[in-house]
**Student:** 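Sharing a structure with you now.
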Amino acid sequence: MRRIPAGKNRPGRFIRPEKKVEAAEEEQIKTITIPEKLTIRELAETMHMNPSEIIKKLFLAGQIMTPNSEVSYEEAEKIALDYDILCEKEQKVDVIEELLREDEDKEEDMETRPPVVCVMGHVDHGKTSLLDEIRKTNVTGKEAGGITQAIGAYTVNVDGRSITFLDTPGHEAFTAMRMRGANSTDIAVLVVAADDGVMPQTIEAINHAKAAEVEIVVAINKIDKAGANVDRVKQELTNYELIPTDWGGSTEFVEVSAKTGEGIQDLLETILLTADILELKANPNRKARGLVLEAKLDKGRGPVANVLVQKGTLHIGDFISAGASSGKVRAMIDDKGKRVKEAKPSQPVEILGLSDVPSAGEVLVAHETNDEARAYAETYKNQHKEELIEDTKMRMNLDDLFNQMKEGNLKEFNLILKADVQGSVEALKQSLLKLSNDEVVVKVIHSGVGAITESDVTLASASNAVIIGFNVRPEAAAKSMAEHEGVDIRLYKVIYQAIDAVEAALTGMLAPVYEERVIGHVEVRQIFKASSVGNIAGSYVLDGVITRGCKCRIRRGDEQIFDGDLLSLKRYKDDVKEVKAGFECGLVFDGFDKMQVGDIVEAYDLVEVPRT
Ligand code: GDP
């Protein structure tokens with residue numbers, strides 16, 4: 001043992017403060033900081049106590065715990081309160097958020113940048129047609145000859161100014177883009193068909209745009225159609241605080257036809273006008289930051305990421321990171337298929353040179369050095385792994401649906417459907433929705449035609465949904481992402497198989513049905529009196545078996561005189577688990593001791609049977 005040199009540990013330093021602490025404790029209540037979940041041992045440590053003390057106290061209150069038993073924050077709070085200790089919840093630091101935090105650019109460095117626009121609205125109201133029409137009519141003659149690239153976004157030129165359109169319509173993409181809180185969009189064009197009016201997804205789109213604080217421009221589409229009623233659409237939208245400027249409101253409405261091209265120019269000019277009011281700016285003279293719109297693994301070229309530059313300028317040769325991947329920009333291709341050397345704010349480009357395929361929605365950051373880029377990716381990887389471990393515990397899986405239900409964790413069963421043709425999507429959707437029962441509601445949160453994409457997996461992961469694919473397959477990136485994130489993807493080629501699978505899972509979710517199963521017969525041959533338990537029936541097992549904890553019916557002649565639990569099963573003096581045919585045993589019944597020699601005991605148990 002090491003001796004402490006005299007004088008060094010002169011109590012002066014220790015004893016006095018201890019006294020002070022004691023005095024202080026009397027006056028002030030102690031507060032500890034604890035996480036969402038912790039073991040009794042960890043709690044005891046934070047409370048500066050011995051775990052056994054806590055365990056003893058809990059035991060006396062009827063709770064059996066070990067040092068390794070896990071308790072929730074609320075339970076821990078209650079325990080601590082018994083010792084006059086208050087608890088505070090540990091605030092989790094989002095490492096990634098911290099990593100990505102940066103100072104605002106100075107006002108004088110800011111320059112006007114093009115608006116980034118997305119198109120939202122109800123299905124079939126013409127989002128895709130509108131995007132196509134805008135693209136077609138606004139590429140210059142020279143560009144039109146080139147190969148246009150689908151890179152998640154494209155820019156159009158209007159009176160010498162640019163507008164960037166995100167070319168995936170719909171708000172799922174839009175929501176995924178907001179994953180890291182970075183808004184990709186400045187203006188949302190809300191497409192409403194003049195012959196159909198406000199529909200459910202119109203309302204959803206409005207809510208999404210409002211939540212993201214994105215400016216809405218309304219495009220009333222299909223005005224070429226006979227049934228078009230522009231005023232009705234305007235009227236309906238007033239219920240959602242979208243009031244046209246000519247009615248005294250502040251929302252721009254433009255009447256268009258994606259079919260004839262009418263009003264498109266007007267729409268583009270209105271977007272520019274709105275952009276002017278928003279005063280959209282960015283500093284182009286700094287290291288770039290952007291958002292990954294889409295990414296994939298290209299056989300020949302390696303990981304390819306479509307990126308929207310948001311700040312600064314991205315150059316060939318820049319060191320970059322995006323989520324868990326890093327690298328150096330080897331090449332950049334714009335939406336017209338042209339190789340470019342740099343990309344400025346609001347410009348979409350396809351980039352080559354990342355080590356891996358990043359997820360859509362990740363923030364792309366340009367760095368000073370390769371090491372810095374790598375360190376960013378590494379931090380992300382570690383953090384992401386932790387989050388995944390936590391998350392995976394919660395993930396939905398068709399196989400454990402029943403368990404989740406039993407634990408009361410599930411009242412809604414979310415599904416995402418993908419099929420090869422729209423007809424199948426609808427058929428499947430209708431059939432699956434019908435499977436809802438009293439206990440669980442089946443919800444199709446997203447459906448569509450085509451392969452299962454990363455965006456589907458993101459949505460499934462965020463909403464704890466199972467993905468059902470009918471005659472489609474997941475894209476390679478989506479598949480690996482699903483594996484990572486524990487998202488259950490089920491593929492079927494026959495509709496009824498898909499329905500059967502979901503139905504089976506749901507049936508498991510219902511409270512189990514039990515059925516009696518007779519396991520043996522026993523004859524009472526002798527009665528022993530035991531003061532402590534009442535009468536014991538000395539018996540002989542005629543057939544089958546009698547087991548501890550089984551149920552028994554006692555028959556005397558044709559009459560049933562008891563039906564209830566077997567309280568104890570003994571062979572000689574020992575408690576046993578079971579006694580087989582041909583052996584003797586001693587039986588005590590729960591709440592009945594009027595057995596007589598000659599009584600026949602029918603032993604049975606309850607087994608769970610599948611529902612029909
Ligand atoms: P999305 O689901 O919102 O992307 O809608 P689509 O762009 O796929 O359009 C749905 C249908 O409406 C298609 O058959 C289009 O041809 C049609 N459509 C779209 N815009 C117009 C329009 O302005 N006028 C007419 N008559 N039909 C349109």
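Heavy atoms only: backbone and side chains are in, while hydrogens, waters and symmetry mates are out. For the single chain, residues carry numbers from 1 onward in sequence order. Just so you know, ligand 1 is whichever comes first in the structure, and atom 1 is the first atom listed for that ligand.
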**Student:** Just which atoms of ligand 1 are under 4.0 Å from any heavy atom in Ser257?
**Tutor:** 23 (O)
**Student:** For the residue pair Ser129 and Asp132, confirm or rule out a side-chain donor-acceptor distance under 3.5 Å.
**Tutor:** no
**Student:** Show which atoms of ligand 1 fall inside a sub-4.0 Å distance from at least one heavy-atom site of His122.
**Tutor:** 3 (O)
**Student:** If we only count N/O pairs under 3.5 Å, is Leu130 in contact with ligand 1?
**Tutor:** no
**Student:** Who gets closest to atom 15 (C) of ligand 1 by heavy atom: Gly121, Ser129, Ala258?
**Tutor:** Ser129
**Student:** Is the closest side-chain donor-acceptor distance between Glu215 and Thr274 under 3.5 Å?
**Tutor:** no
**Student:** Knowing that exactly one of Asp488, Leu417, Val487, Ile489 qualifies, which makes a side-chain contact (heavy atoms from CB on, under 4.5 Å) with Val466?
**Tutor:** Asp488
**Student:** Test Leu242 against every option in Val233, Val217, Ile206 by the side-chain contact (heavy atoms from CB on, under 4.5 Å) rule and name the one that passes.
**Tutor:** Ile206
**Student:** Test your reading of the structure: does Val123 have an N or O sitting under 3.5 Å from an N or O of ligand 1?
**Tutor:** no
**Student:** Could you tell me, atom by atom, which parts of ligand 1 come under 4.0 Å of a heavy atom of Asp224?
**Tutor:** 22 (C), 23 (O), 24 (N), 25 (C), 26 (N)
**Student:** Which atoms of ligand 1 have any heavy atom of Asp124 under 4.0 Å away?
**Tutor:** 1 (P), 2 (O), 3 (O), 5 (O), 10 (C), 12 (O)
**Student:** Can you confirm, on distance only, whether ligand 1 has an N/O atom lying under 3.5 Å from any N/O atom belonging to Lys225?
**Tutor:** no
**Student:** To the nearest 0.5 Å, what is the distance between CD1 (Ile467) and CD1 (Ile445)?
**Tutor:** 9.0 Å
**Student:** Hey, which of Arg286, Arg113, Lys281 is the one that makes salt bridge (charged side-chain N to carboxylate O under 4.0 Å, His left out) with Asp105?
**Tutor:** Arg286
